[in-house]
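Comments concern the structure below.
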Number of protein chains: 2
Amino acid sequence: MQELLDNRDMPDSDRGAAAAASGSAATASTPSFSPLYQQIKALLVQGLQAGEWLPGQSIPSEIELAARFRVSQGTVRKAIDEMATENMLVRRQGKGTFVATHAEQSTQYRFLRLMPDDGSAAPLQRHLLECRRMRAPAEVARLLGLKAGEAAVQVRRLLLAAEGRALRPVVLDDLWLPGTPFKGLTAERLQAWRGPMYRLFEAEFSVHMIRAVEKVRAVAAPAEEAGLLQVPVGSPLLSVERLSFTYGDRPVELRRGLYDTAAHHYRNELS
Amino acid sequence: MQELLDNRDMPDSDRGAAAAASGSAATASTPSFSPLYQQIKALLVQGLQAGEWLPGQSIPSEIELAARFRVSQGTVRKAIDEMATENMLVRRQGKGTFVATHAEQSTQYRFLRLMPDDGSAAPLQRHLLECRRMRAPAEVARLLGLKAGEAAVQVRRLLLAAEGRALRPVVLDDLWLPGTPFKGLTAERLQAWRGPMYRLFEAEFSVHMIRAVEKVRAVAAPAEEAGLLQVPVGSPLLSVERLSFTYGDRPVELRRGLYDTAAHHYRNELS
DNA sequence: TAGTGGTCTAGACCACATC
DNA sequence: ATGTGGTCTAGACCACTAA
């Protein structure tokens, strides 16, 4: 365990030996104030990052964590609360607090905002087109924080919706993943996997996506992509460029999707 | 002030006379448990809805609210916390808690997700094309919860970005507003207004948007719209259909935007 | 019955803004 | 100096789950 900074004048203190490190008597120049619960949160994030608790598993109870960190339960609570609202942890009353995973039905489509125009919830079929290791193109390397020419894995796949008894392609996804963490990712592995792709990344490669940023535009379908999506060349398609991040805000996936929005739409909640 | 439900066995109770209304001894069949802080929150929302505190103004201090509702400060705190994360209130340490408004620079573009591809933050110019009262079309009436044929206000406008020393149209917005709350909305009023449109709605019509849902698609530019946006007919455009809500989750605006995403993109954060 | 998270309280003290 | 929100504590009790 690590020392916690104590920002107080320590009337009762025996909380570690970090007394003079920060707070009103701090020697540092500028911010130098971090609430205890933020420090606890940082430690918990470190634990997640280090794999101390794996997705789906429960973390120690609030009381146990409070004892471990020598703080009150309420302080641990506030740290966990924030992590829960950020979807890193999931609280379950009576059972415990669990590391979030992409396995659950509820979070199945947390990152896929495409919805059928009618409310139908039919899941999309996957069809893998390609999976190969390559040197990351300059732009990809830049966005993923790789050195020029470093290894990357490229994946291309289709998502298809049931239409009557036929299947219509709706999404064409191109993914780039950093080669190092995704060493053993092969077409076979992807092909065999049943379940969300991000769940595979968690289970097999210890990469947990917790956040992403998307840039959405309207584009005209290029010839090759139009063919794959079975739409006329030049049709309007939604281009969705996604950069996904793991715990340390490290980018670990670049994805470019082309969505056919004839019978689907990209749904977004503003607040 | 209103009575609060007490879900406890009331060891100390003199908190109103609502003792038997709910809780473990409830006669109601199903949910029948609502934490105190949720009740407080509901009361505060009612206050906002009733205009007891106007956007930009401060609400009473936590201590004062705690006294008024006869609960502890911590309980009020939790209610306010939730409303703050939902962007209904804004907390300012040392100053107070304020009703959120669309006036502030920070929330200027809370609902407009369109960003220039380069980071430039040049604000968009507005150009009003139309503002007229009419009978709401069936589809509009349905979405806004109006009776068939009820009055509505339609607004059409362009947003233009500076490009060199020229202006390029980037957004074509079509809005429908319910006629009743927006009684006095005219082209002149809109024309004269400096500032965000939602700020006008707050200030002049007491309509505060707090939430919205958007459906985004790629479409081919129709002739008329292509002309207004100065793009070739059939160009891919982003179609953004937005339904905005006020306090009681009442829909009060339907907006259909066409975005030219040649030099801009729709930005979205996933978590 | 025991253990977990969820609610609520009361009180102390800190950080920030204002007078 | 005062008042506001922000942090932290300690303890009681409630709601839910599982053995």
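In what follows, every chain begins at residue 1, and chains take the letters A, B, ... in the order their sequences are listed. Bear in mind the structure is a predicted one, so any value in this text is a computation, not a measurement.
Nucleotide D/dT17 holds its P atom 11 Å from the CZ atom of A/F98, rounded to whole Å. Rounding to whole angstrom units, CD1 of residue B/I63 and C1' of D/dG6 are separated by 12 Å. In this entry the distance linking CZ of A/R77 with C1' of D/dG11 reads 14 Å, nearest Å. Atom pair B/L65:CG and C/dT9:P shows a separation of 14 Å (rounding to whole Å applied). Atom CD of B/Q38 is separated from atom C1' of C/dC8 by 14 Å (rounded to the nearest Å). Atom CE in A/M83 sits roughly 14 Å away from atom P in C/dG5 (whole-Å rounding). In this structure, B/Q73 places its CD atom 10 Å from P of D/dT4, rounding to the nearest Å. Rounded to an integer number of Å, the gap from A/K78 NZ to C/dT7 P is 15 Å.
Candidate nucleotides C/dG6, C/dT9, D/dT9 were compared by shortest atom distance to the side chain of A/L36, and D/dT9 ranks first. The side chain of B/S72 sits closest to C/dA10 out of C/dT7, C/dA10, D/dT7. For B/K95, whose side chain is taken as the heavy atoms from C-beta onward, the closest listed nucleotide among C/dT18, D/dA18, C/dG5 is C/dT18.
Nucleic acid contact class of A/T97 (heavy atoms, under 4.0 Å, all strands): sugar-phosphate only. Within 4.0 Å (heavy atoms only), A/R92 reaches sugar-phosphate atoms of the nucleic acid but no base atom.
Checked against the 6.0 Å centroid threshold, A/H264 and A/Y259 do not count as a close aromatic pair.
Contact between the side-chain N/O atoms of A/T75 and the OP1/OP2 oxygens of D/dT7 is not found at any separation under 4.0 Å.
Toward the 5′ end of DNA chain D lies the nearest nucleotide of B/Q93, the other residue of the pair B/Q93 and A/G74 mapping further downstream. Both A/G94 and B/E64 sit near DNA chain D, but only B/E64 has its closest nucleotide nearer the 5' end.
Checked against ring pair (Phe, Tyr, Trp, His ring centres under 6.0 Å), B/F201 has the following partners two or more places apart in sequence or in another chain: B/F182, B/Y198.
Aromatic ring orientation, B/Y266 versus A/Y266: perpendicular (interplanar angle above 60°, classes split at 30° and 60°).
The backbone N or O of A/S271 sits less than 3.5 Å from a side-chain atom of B/N87, completing a donor-acceptor pair.
Annotation: B/R250, atom CZ; neighbour count of heavy atoms from other residues, nucleotides and ligands within 6.0 Å does not exceed 12.
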